[in-house]
Protein chains: 2
Amino acid sequence: MDGFQPPGRLVTLTDVAREAGVGESTVSRVLRNHGSSSKRARERVAEAVARLGYVPNRLAGSLAGPGASAQLAGVIVPSLANVVFPDLLRGLTGALDAAGIRCVIGVSDYDPDREEALAAALLSWRPAALLLTGLEHNPGTVALAKAGGVRVVEMIDTDGAGIDAVVGFSNRAVGAASARHLVARGYRRIAYLGHDLQVDLRAGKRLAGFEAALGEAGLSLHGTEIRPGPSSPGSGRAGLEALLARHPDLDAVYFSNDDMALGGYFACLSAGLSVPGRIALFGFNGLDFAAAMPQPLSTVRTPRLEIGRQAASCLMGERPKTIDVGFELIEGATA
Amino acid sequence: MDGFQPPGRLVTLTDVAREAGVGESTVSRVLRNHGSSSKRARERVAEAVARLGYVPNRLAGSLAGPGASAQLAGVIVPSLANVVFPDLLRGLTGALDAAGIRCVIGVSDYDPDREEALAAALLSWRPAALLLTGLEHNPGTVALAKAGGVRVVEMIDTDGAGIDAVVGFSNRAVGAASARHLVARGYRRIAYLGHDLQVDLRAGKRLAGFEAALGEAGLSLHGTEIRPGPSSPGSGRAGLEALLARHPDLDAVYFSNDDMALGGYFACLSAGLSVPGRIALFGFNGLDFAAAMPQPLSTVRTPRLEIGRQAASCLMGERPKTIDVGFELIEGATA
DNA sequence: AACCGGATTGGCAGCGCTGCCAAAAACAGT
DNA sequence: ACTGTTTTTGGCAGCGCTGCCAATCCGGTT
């Protein structure tokens, strides 16, 4: 069609000023709707912008602007394979979008060193804020975050001390509530089935809360199965089969999350074990499919989008240091 | 602890130069490992950087550098609620990470106007590349992309003409292959159950391919149910129930994706309909849970991570204009 | 007609960094 | 010791934009 456009010089604000027959500052003022300008100037600038197809260069804008901080938010999540984090991002981008703030993302793969490297990399874009997941970080990450001149928000977990702002819920409390629910329903031989805890510290906190609450009821875990690797229905299915082979008498299983629980449910269907008669299942997260199952999954719904939204508002207005968004125990039909 | 750090002036390269007792250019060269420098200079700079906790300002770096293009990639996805897109991002960030390129994301909510606005917003960060989803865009988006002086990669769909590079597979072919599979298995009264097609154009293309292949076999769709809103197991479940009420005699259902199919499977379990004896189910995407189901779901696995990876390599090396990553039909036990 | 206060405007320095270039230093060969 | 490299170095302009400030313009007053 129209010959290849060599990436050569792009249209600059100076070009727009010349085209519109006004000064650069006028263009700048009009474009940002900042300071005063005449109607005539506004029109001429708008025309020139349209004619030239001008796209402002925010690298330059942020560099020149005050505090030299960009309309960017650096976000580090441990994974994108688990729905939780896309949901978080969804809440974040949705809320930040309105303010014209874009998210630059980094995926740490649950590795604190990688997280630190990413923090440095993201900070080099001089974002207005740095959003981290969880409260456990390398000392270097904390140092960077503190020295970075940015607002820091730690998301999802409130069990511990944060750097600056914290938005989430208590994973310990979730675990405890789950345990109390199972105990109240009369289950006594309860096992835990999870994915790698070294790596997913929040799951570890839930388990700790779960065991503590069991202890208060004079019980303890009746078997544990930790699967290597990330959580998935496949892992949950294999895990439940392994668990039942070792502890044929267990009557309930607490899963590290709904994906694992779904796999467990599939295992029960395949083996013809009645749920919750023969064995009760309890998950975590409250994902979409949980409510659509033939027997709705008993689980805890976490307000993931809300965490994202609240985190976003932490960046903009002045807000309390710690926001606990709570959680909701869903009494399904599987426990 | 250590009094609040006013966001005041951060450490600059000039500070490092002074601290190290060398010139700015030397620091710049050492830091980027570009050009030659003495061992002594490297050591002194490294010390100064560590002592001062210097984090380079890439806004300034990119502005000064050649072509003024940043080590950023602008990515626009229609949604984060569907696993497909996080998977895409996962492939992308994984591959781009090594090259030090960060992703800035935008979520268009399947709205072309929003996509256009996001394209302009992302382009204003002067990214090295712009990654879009699908081939259908506003004329304005295309104009921006062409004038932006950036590499453009359109992902997921290869059914049509792209702006620059295209990485994906043929959704039409997926639909056709799915139809041929069902026909070959002897199903004749086949219905389609999908989510909003106006919005998800790729699903529309699959359906078109599906119907075309049915036509070749002398068949046509035996019922259609389009659910408003996004795809989800809940929607799939309700949809299948509605479909069966209208067409009690259908013997197979083609779902717009695995989430919908999972819901359909749950509906069958609840209603006690044998799968695939009474009714066969066929999905799309090949998600994790599909293989863990009591009866593995018959579906088409799409190489989502691979698309992300290939898209990343499109940005860096010179690559063919269009990469078809193909797909794989999974003969599960539900169709 | 000269004057005044506020609205509007343009020039220009400078944000932190990189590229270029010439100067300085280190090294090599005679 | 002296010249001819080669390596290493620092100064400085300038990337595109914004903030500041002084200059200019406008309408309404005396």
Side-chain angles (χ1 to χ4, degrees), chain A residues 7-45 48-49 52-72 123-128 148-149, chain B residues 7-45 48-49 52-72 123-128 148-149:
Chain A
R9 231 176 98 287
L10 295 173
V11 181
T12 72
L13 181 141
T14 310
D15 298 326
V16 175
R18 197 181 315 111
E19 177 81 10
V22 299
E24 302 179 27
S25 345
T26 303
V27 177
S28 175
R29 254 176 273 126
V30 168
L31 255 32
R32 282 171 306 132
N33 202 30
H34 179 261
S36 58
S37 53
S38 63
K39 189 169 187 179
R40 205 188 80 100
R42 267 173 303 212
E43 285 167 358
R44 301 207 54 166
V45 168
V49 164
L52 265 37
Y54 172 66
V55 175
N57 184 337
R58 304 191 66 144
L59 295 177
S62 304
L63 184 59
S69 110
Q71 296 278 76
L72 291 173
L123 248 16
S124 75
W125 292 106
R126 294 291 184 268
Chain B
R9 230 176 97 288
L10 296 173
V11 182
T12 71
L13 181 141
T14 310
D15 298 327
V16 175
R18 197 182 315 110
E19 177 80 10
V22 299
E24 301 179 27
S25 343
T26 303
V27 177
S28 175
R29 254 175 273 128
V30 168
L31 256 32
R32 282 172 306 132
N33 202 29
H34 179 262
S36 59
S37 54
S38 64
K39 190 170 186 178
R40 206 187 81 101
R42 270 177 305 231
E43 285 167 358
R44 303 206 54 166
V45 169
V49 164
L52 265 38
Y54 171 66
V55 175
N57 184 336
R58 304 191 67 145
L59 296 175
S62 304
L63 184 60
S69 111
Q71 297 278 75
L72 291 173
L123 248 15
S124 74
W125 292 106
R126 294 291 184 269

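Letters go in sequence order (proteins before strands), and every chain restarts at 1. Note: hydrogens, waters and symmetry copies are ignored here, and every other heavy atom, side chains too, is used.
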Does a side-chain N or O of R58(A) approach OP1 or OP2 of dC17(D) to a distance below 4.0 Å, or not?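 No, outside the criterion.
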Separation of [N] [atom2] from [X] [atom1] (nearest whole Å):
| X | N | atom1 | atom2 | result |
| --- | --- | --- | --- | --- |
| R18(A) | dG16(D) | CZ | P | 12 Å |
| N33(B) | dT18(C) | CG | P | 13 Å |
| N57(A) | dC15(C) | CG | P | 18 Å |
| L59(B) | dC17(C) | CG | P | 10 Å |
| L10(B) | dC15(C) | CG | C1' | 12 Å |
| W125(B) | dG16(D) | CH2 | P | 16 Å |
| L13(B) | dG14(D) | CG | C1' | 16 Å |
| L63(A) | dC17(D) | CG | C1' | 8 Å |

Evaluate side chain to side chain contact (heavy atoms under 4.5 Å, CB included) for V49(B) paired with V30(B), printing each intermediate quantity in order. CA-CA 11 Å; V49(B) 164; V30(B) 168; over 6 Å; no
So if I take the C1' atoms of five pairs at each end of the helix from dA1(C)-dT30(D) to dT30(C)-dA1(D) and get each local axis, what angle do the two axes make, rounded to 10 degrees?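 Taking the rotation axis at each end, their angle is 50°.
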For the residue pair R32(A) and S28(A), confirm or rule out a side-chain donor-acceptor distance under 3.5 Å.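 Their side chains do contain a donor-acceptor pair, which is all the 3.5 Å distance test asks for.
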For nucleotides 9-11 of chain D, list the nitrogen or oxygen atoms of the protein found under 3.5 Å from its nitrogen or oxygen atoms, one pair per line.
| residue | atom | partner | partner atom | Å |
| --- | --- | --- | --- | --- |
| dT9(D) | OP1 | S38(B) | OG | 2.6 |
| dT9(D) | OP2 | S38(B) | N | 2.9 |
| dG10(D) | OP1 | G23(B) | N | 3.4 |
| dG10(D) | OP2 | G23(B) | N | 2.6 |
| dG10(D) | OP2 | T26(B) | OG1 | 2.4 |
| dG10(D) | N7 | S25(B) | OG | 3.2 |
| dG10(D) | N7 | R29(B) | NH2 | 2.9 |
| dG10(D) | O6 | R29(B) | NH2 | 3.3 |
| dG11(D) | N7 | S25(B) | OG | 3.2 |
| dG11(D) | O6 | S25(B) | OG | 2.7 |

